[in-house]
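First up is the structure itself, then whatever we jot down about it.
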Amino acid sequence: MGAEGEKENIELDNGARTKDIGSSSNSVPSGKPAKMQHQHESEKSGKQDDGKHAVPFYKLFAFADSIDITLMILGTVGAIANGLALPLMTVLFGRLIQSFGGASDIHDVVHRVSKVALEYVYLAIGSGVASFLQVACWMAAGERQAARIRNLYLKTILRQEIAFFDKETNTGEVVERMSGDTVLIQDAMGEKVGKFIQLTSTFIGGFVVAFVQGWHLTLVMLATLPPLVVAGGVMSTVVSKMASRGQAAYGEAAVVVEQSIGSIRTVASFTGEKHAVNKYSKSLNSAYSSGVQEGLAAGLGLGTVMLFIFCGYSLGIWYGAKLILDKGYTGAKVINVIFAVLTGSLSLGEASPCMTAFAAGQAAAYKMFQTINRKPEIDAYDTRGMQPNDIQGDIEFRDVYFSYPARPDEQIFRGFSLIIENGMTVALVGESGSGKSTVISLIERFYDPQAGEVLIDGINIKEYQLRWLRGKIGLVSQEPVLFASSIRDNIVYGKDNATIEEIRAAAELANAAKFIDKMPQGIDTMVGEHGTQLSGGQKQRIAIARAILKNPRILLLDEATSALDAESEHIVQEALDRVMTNQTTVVVAHRLSTVRNADTIAVIHRGSLVEKGSHSELLKDPHGAYCKLIRLQEMNKESDDATGPDQDKSDIGDSGRHSSKILSFTRSISQGSSKGQSNRHSFQMALGVPVGIDIQANTRDQTDILETEVPPREQKEVPLRHLAYLNKPELPVFLLGSIAAIVDGIILPIFAILLSNVINTFYQPPHKLEKDSNFWSLMFLVFGVVSLLALPARSYFFAIAGSQLIRRIRLMTFEKVINMEIEWFDKPENSSGTIGARLSADAATVRRLVGDALALVVQNTASMVSGLLIAFLANWQLSLIILALIPLIGLNGYIQMKFVKGFSADAKMLYEEASQVANDAVGSIRTVASFSAEEKVIKLYNEKCEGPSRMGIRQGIISGIGFGISFFLLFCAYATSFYVGARLVEDGKTTFGKVFRVFFALSMAAIGISQSSSIAPDSSKAKSATASVFAILDRESKIDPSDDSGMTLETVKGDIGFQHVSFRYPTRPDVQIFQDLCLAIHAGKTVALVGASGCGKSTAISLLQRFYDPDSGQILLDGIEIQQFQLRWLRQQMGLVSQEPSLFNETIRANIAYGKEGQATEAEIIASAELANAHKFISSLQKGYDTLVGERGIQLSGGQKQRVAIARATVKDPKILLLDEATSALDAESERVVQDALDRVMINRTTIVIAHRLSTIKGAHVIAVVKNGMIIEKGKHETLINIKDGAYASLAALHSRASS
């Protein structure tokens, strides 16, 4: 029956849109052979051949288990049965026509019709059951397998060797893959497959019926088939091509988001918001144009398909009339054949969106499966390999050649050899970038050397089983990476199933127990993304506890204490001493005093070992490399220094304030071999440079947050007019599109008039039959041409409107987000992973609501109104009765909409949590690898995914029930309406032609309604997406950099005053950071803040930059309260260099220019690089200033990053310089040079220095000691040092002891 056919065809509209679902999967093909050297060139070529790779379709189901297979078989049976329902229906329909038209006697009609009506009811029951099976089984199977693929993908990603992360992928991309691409794959293996099987069976069934009923006509009608198929095919390939282009385009934008939000403090400090927004906006333009082209292509394809359908009718009617005259066919047979052929061939056209989905799924799967099947070159899960009972811990490097895979042309080691005996402590010293940390990466086997070998106990480490080996090695690094979970979870990474006692003991040993107990939730306190809620020293101690818990044979300390202040360092150092007994220890340190007591000191220069021996031996050669390093440090006499009393008053008492870090480290090393004590140590750090400054232990109770934050999200139903308002500029486009949509909508009801007239014509006397059939077949052609024009127009205009909207929403949301106050980013639900997912998925969903759904609404309203009109004009009694049945169909659509609505929101939130887990793990892959914690991460990920996938299955069952009932009701309604029609004909109330006219007109209208309800799942998703977008758009930033109000000064002197400032972090209101802090800083002077870790030194800088506003009190600049200034101007007056600088994944040049919002000239860049003593090392790199620094600057050594950061801070020539531990990560030589650079830079500028080492601040004009949120002492070094038992004096005493 034609109406059914039509219905199929309109749905094509929705289907054709599947492509913008995950329109964000990134574009760099992830499985490139690791040999590809120049990654950047390869990326460019990679973008073009994105569309070409796909996996064979059956491979998508490679991960099915027996339950999935059973589900898929049931679903297939249901789909085949469901598909046959339509061809059977055309047969029944033919019999109906014959019952009406061919009835000899008007009274015979009712009897004959009621028999057929009963058959309709049987068909209804069968098709209801079949369609339930089809939808429910396939949806459940798809959801289950997609979950399994997600899981496998994460598993394999975590298994890859570190080089893979340096070169071939980045965190943003992995998260995109997991959230975007799996949706595409699930789409290709879920209900779409059921739909495809259903359509195929309709196709075959339709032609079987047609040939049985009348083969002459069928053969002629076949002529219309090839063009239909070709049109459908061409359309689907073009659309899928466009779709992958759109995805690639959005992929670039996703990276911008990840980077900007990941280092939001850097962006804020350097007023880089505009820069980020511009960059984002550029990358959105290409996504926009491909969206519009996609719409046009889809519309053209659809229009052509419609044209061919109308041509088919036209041909069938003309030739059918001939056959009735010559071959004795009946009218019913002709109609049956026409319908059967069209239903059959239409189902082929309908299949094209399924094909699109399959193609998109196969392309997405190609990259994912390629990763899943990738054999890592260094595989932690490889069970082969030796696992002796224990290792001694002798390490030897034999003639090692090595360069990082991401920079193969820069040789790090050329023939490097080094022997480390077991139980010894070996210290590696040398300037920054000389390859000290590389030694550690090679021992951990993060990389394999290109030539030569690394041996442990005389056996090449490649022979050992890797997980076992890493289990014996503990790593504590300079920037520890914590995962966004509780403190307890972070410590347990060291050892699975550790008891709470062991955890407590490890925390005690690492001197972390006291500060943990002070936290609001104690050991269950959340640490925030990358651990940003804790101060540097606190993070370091948790990391050490994590290492201690592991109890390793070989201990690798990469600058393990550089981020601590004296007091904590001293205690941590003692903890390390206890741990270091009878282990082989490799220490990398910049401060020579820390390594003085090592058994052996190895001096590394440019990747080769230049000297080795003990401290005293090396001193004998006054011209040796070691002596040179020592002399550099002597110049800053007390370069080993410390700061500040510790945060626990008691500590100060107990520890009798012994020596600075350095001394303690030295001691620790010397006692290393004597104390027999179980060693549990190591924590590893990964590439995640924790974002931003050391925010004081700013934890928060996540549950509270969620309770307070989420309810508003549920209450806020966003009215659609809000959305419409956003789309206002496109009004003219909308109007044009709506006109096209209305024309489109009216075509269907008019089609009803044509059809009913044709049926009538077939039962006319011969000469009239010939004349009329020619006229009607011509009319069909005319309408074909009309729809060829109207469809593309509708589709194109709405695509423009939709793509404009999606671009506008993404841009507005991003602009809003990047201008939020820093406090907002402290909340766990606003991490970079979550926001990235919101921008990519939500905007796409909203667009579906506006572009496609709106077009359908207009079109369907038009069909409805015109359908009702036509029906009531033909016969109002029958129209009323059929109209009474239509609500059944409408009701069913409504039920489906209601059900779907309940689930989409929660599932979305849940997957966001899961993607955050993946984001964390991939961002800190080195930590995960070092602790063999892959399984833990996967377990956590699976727990977070269980909820959403159950939801998905539940939704499948409910959609299935709705789908089944709708088919049942549809066929029952047909049966009733024909039965009533027969009664009316019998009573002479109407004629046979009019019965069909009413029936067709109302069916067409009903199709209109059910179509609108079929986009219900979309609108409910779009509603929750809109709500989440508007939740961001409607929120006013409390401290908004884009706000241009506020004053600016012509010239800034640089006087700063803190007056009675009290402050606590909003996320931890119970911890008071400042209480009534007063401090005046005079223009051009240097003030140093010292104090224990966690006492609020860095907070002072955050407040000055207005990352936060104080709770009470004022901060003044040149006597004016800083809240009165325009925020961006205020931040431009300050240059910030923090302890862990965040660099962006761009060239060095771009990173330096960033300090001036990207506007710096080449001369300024070079001048500031020279000032920061970075010019020399940059020029020595192969690409100079065009060297890419890698994700979070990972391609540069710590000292190099720091110097680039200093250049970035000084390029804008700020009046106020904020140095937060700016040199703690440097070795002696770089530190001296950087310190020189800073001294040069500090002239004539107001400078606030935070430092742990006193030598760095001796020259400060004022030194302020911060404790318990107030300043307890301030003055010059000379005065403070003479206060007996003063806080500063006791610190200084530590030093003199240390350097003696």
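None of these values were measured; they are calculated from a predicted model.
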Under-4.0 Å salt bridge between K768 and D772: yes

Donor-acceptor under 3.5 Å ([X] side chain, [Y] main chain):
| X | Y | answer |
| --- | --- | --- |
| T343 | F339 | yes |
| Y120 | T976 | no |
| S795 | G295 | yes |
| S201 | I80 | yes |

Enumerate donor-acceptor pairs with a distance under 3.5 Å from any side-chain N or O in residues 866-884 to protein atoms, sequence neighbours excluded.
residue, atom, partner, partner atom, Å
S866, OG, A862, O, 2.7
S866, OG, S863, O, 3.3
N875, OD1, Q877, N, 2.9
N875, OD1, L878, N, 3.1
N875, ND2, T990, OG1, 3.0
S879, OG, A871, O, 3.0
S879, OG, N875, O, 2.6

Between [atom1] on residue [X] and [atom2] on residue [Y], distance to nearest 0.5 Å:
| X | Y | atom1 | atom2 | value |
| --- | --- | --- | --- | --- |
| K115 | R95 | NZ | CZ | 8.0 Å |
| D326 | Y319 | CG | OH | 8.5 Å |
| R794 | L736 | CZ | CG | 14.5 Å |
| S777 | F310 | OG | CZ | 13.5 Å |
| T202 | L88 | OG1 | CG | 10.0 Å |
| L754 | Y313 | CG | OH | 10.5 Å |

Side chains of [X] and [Y]: closer than 4.5 Å at any heavy-atom pair?
| X | Y | result |
| --- | --- | --- |
| L307 | C311 | yes |
| F798 | S738 | yes |
| Q98 | Y763 | yes |
| T761 | F775 | no |
| F93 | N336 | no |
| F132 | I957 | yes |
| V230 | V234 | yes |
| N757 | R997 | yes |

Counting neighbours of CZ on F207 that are heavy atoms of other residues, nucleotides or ligands and sit closer than 6.0 Å, is the number greater than 12? yes

Hey, is CD on E986 packed in by over 12 heavy atoms from elsewhere, all under 6.0 Å? yes

Could you report the tightest heavy-atom contact between [X] and [Y], atom names first, then the distance?
| X | Y | result |
| --- | --- | --- |
| T304 | L300 | OG1-O, 2.5 Å |
| F971 | A85 | CE1-CB, 4.2 Å |
| S99 | V113 | CB-CG2, 3.9 Å |
| I338 | I317 | CD1-N, 3.9 Å |
| C972 | A124 | SG-CB, 3.9 Å |
| A741 | V858 | CB-CG1, 3.7 Å |

Validation: residues 211-218 side-chain donor-acceptor distances under 3.5 Å, sequence neighbours left out:
residue, atom, partner, partner atom, Å
H216, ND1, Y329, OH, 3.4
T218, OG1, A210, O, 3.0
T218, OG1, G214, O, 2.6

Run L96 and L92 through side-chain contact (heavy atoms from CB on, under 4.5 Å) and show every step you take. CA-CA 6 Å; L96 262 180; L92 294 182; over 6 Å; no

So that I know where these two stand, are Y974 and F999 an aromatic pair - ring centroids less than 6.0 Å apart? yes

Step by step, would you call F996 with F978 a ring pair (Phe, Tyr, Trp, His ring centres under 6.0 Å)? CA-CA 9 Å; F996 281 100; F978 282 123; 5.7 Å; yes

Derivation and outcome, side-chain contact (heavy atoms from CB on, under 4.5 Å), residues W776 and W318: CA-CA 8 Å; W776 293 119; W318 174 77; over 6 Å; no

Step by step, would you call M355 with F196 a side-chain contact (heavy atoms from CB on, under 4.5 Å)? CA-CA 8 Å; M355 304 300 282; F196 185 69; 3.5 Å; yes

Between M306 and L788, does the side-chain contact (heavy atoms from CB on, under 4.5 Å) criterion hold? Intermediate values first, please. CA-CA 7 Å; M306 285 301 283; L788 177 64; over 6 Å; no

Consider side chain to side chain contact (heavy atoms under 4.5 Å, CB included). Of I746, I747, L791, D744, which one does V786 pass it with? I747

Exactly one candidate in V129, N82, V77, V193 meets side chain to side chain contact (heavy atoms under 4.5 Å, CB included) with Q134; the answer is N82

